[in-house]
Amino acid sequence: MAASSRAQVLDLYRAMLRESKHFSAYNYRTYAVRRIRDAFRENKNVKDPVEIQALVNKAKRDLGIIRRQVLISQMYSTDKLIIENQEKPRT
């Protein structure tokens, strides 16, 4: 993979993770992070430039979807789950 392509993929990966952490619902947030990580791990050994470009284009579309869904989830937020309200133990 060319250096610029690698940088583009890493930037896209970080942007998707960063954006998905803005979901207000815990379950959507953890699912999105898990799916992004799994998808990028699954395709990390792809060498064909055409296939890489197709995957990058798909990831860009998915990033747009994530951004729209985050906005919608913030409009209709719900109460936090018990698992989200747990404080870290103090030492």
Side-chain angles (χ1 to χ4, degrees):
M1 179 177 350
S4 63
S5 178
R6 178 176 169 80
Q8 180 184 19
V9 170
L10 288 174
D11 286 343
L12 194 54
Y13 176 71
R14 287 186 199 113
M16 290 177 81
L17 284 178
R18 197 173 22 248
E19 197 64 37
S20 65
K21 289 182 180 180
H22 292 125
F23 276 110
S24 59
Y26 173 81
N27 289 328
Y28 288 129
R29 188 170 52 245
T30 56
Y31 175 76
V33 169
R34 188 176 64 242
R35 278 296 299 134
I36 291 165
R37 287 183 178 151
D38 290 346
F40 275 82
R41 279 189 197 124
E42 181 181 315
N43 295 310
K44 74 178 182 179
N45 295 321
V46 174
K47 303 288 185 211
D48 181 25
V50 174
E51 189 174 352
I52 290 171
Q53 192 57 46
L55 290 168
V56 166
N57 291 339
K58 182 184 180 310
K60 286 180 181 178
R61 284 192 308 270
D62 291 347
L63 178 59
I65 291 169
I66 290 170
R67 287 181 174 151
R68 287 190 298 274
Q69 287 302 118
V70 164
L71 289 174
I72 292 170
S73 75
Q74 289 172 351
M75 290 170 49
Y76 301 103
S77 62
T78 58
D79 295 334
K80 290 188 178 248
L81 298 175
I82 292 174
I83 196 166
E84 293 178 278
N85 291 332
Q86 293 177 349
E87 292 185 21
K88 294 181 181 176
R90 296 180 184 175
T91 55

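Numbering starts at 1 and runs along the sequence shown. Computation of the quantities below employed the complete heavy-atom set of this structure, encompassing side-chain atoms and omitting hydrogens, waters and symmetry-equivalent molecules.
Sequence neighbours left out, the pairs with a member in residues 27-40 that pass salt bridge (charged side-chain N to carboxylate O under 4.0 Å, His left out) are Arg29-Glu84, Asp38-Arg41. Annotation: ring pair (Phe, Tyr, Trp, His ring centres under 6.0 Å) contacts involving residues 47-74, sequence neighbours excluded, are absent.
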Scan the side chains in residues 52-61 for donor-acceptor partners under 3.5 Å anywhere in the protein, sequence neighbours excluded, and list what turns up.
| unit_1 | atom_1 | unit_2 | atom_2 | d |
| --- | --- | --- | --- | --- |
| Gln53 | NE2 | Asn57 | OD1 | 3.2 |
| Asn57 | ND2 | Gln53 | O | 3.3 |
| Lys58 | NZ | Asp62 | OD2 | 3.0 |

Could you give the side-chain donor-acceptor pairs of residues 11-19 under 3.5 Å, partners two or more places apart or in another chain?
| unit_1 | atom_1 | unit_2 | atom_2 | d |
| --- | --- | --- | --- | --- |
| Asp11 | OD1 | Arg14 | NH1 | 3.4 |

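With sequence neighbours excluded, no residue forms a ring-ring contact (aromatic ring centres under 6.0 Å, His included) with Phe23. Considering only residues two or more places apart in sequence or on other chains, Asn45 meets the side chain to side chain contact (heavy atoms under 4.5 Å, CB included) condition with none of them.
Put simply, Phe40 and Val46 are part of the same group of oily side chains (I, L, V, M, F, W, Y) that touch within less than 4.5 Å, one to the next.
Of the inter-residue distances, the one linking Ile72 atom CD1 with Ser24 atom OG reads 11.0 Å to the nearest 0.5 angstrom.
Thr30 and Asn27 get closest at one heavy-atom pair: OG1-O, 3.2 Å.
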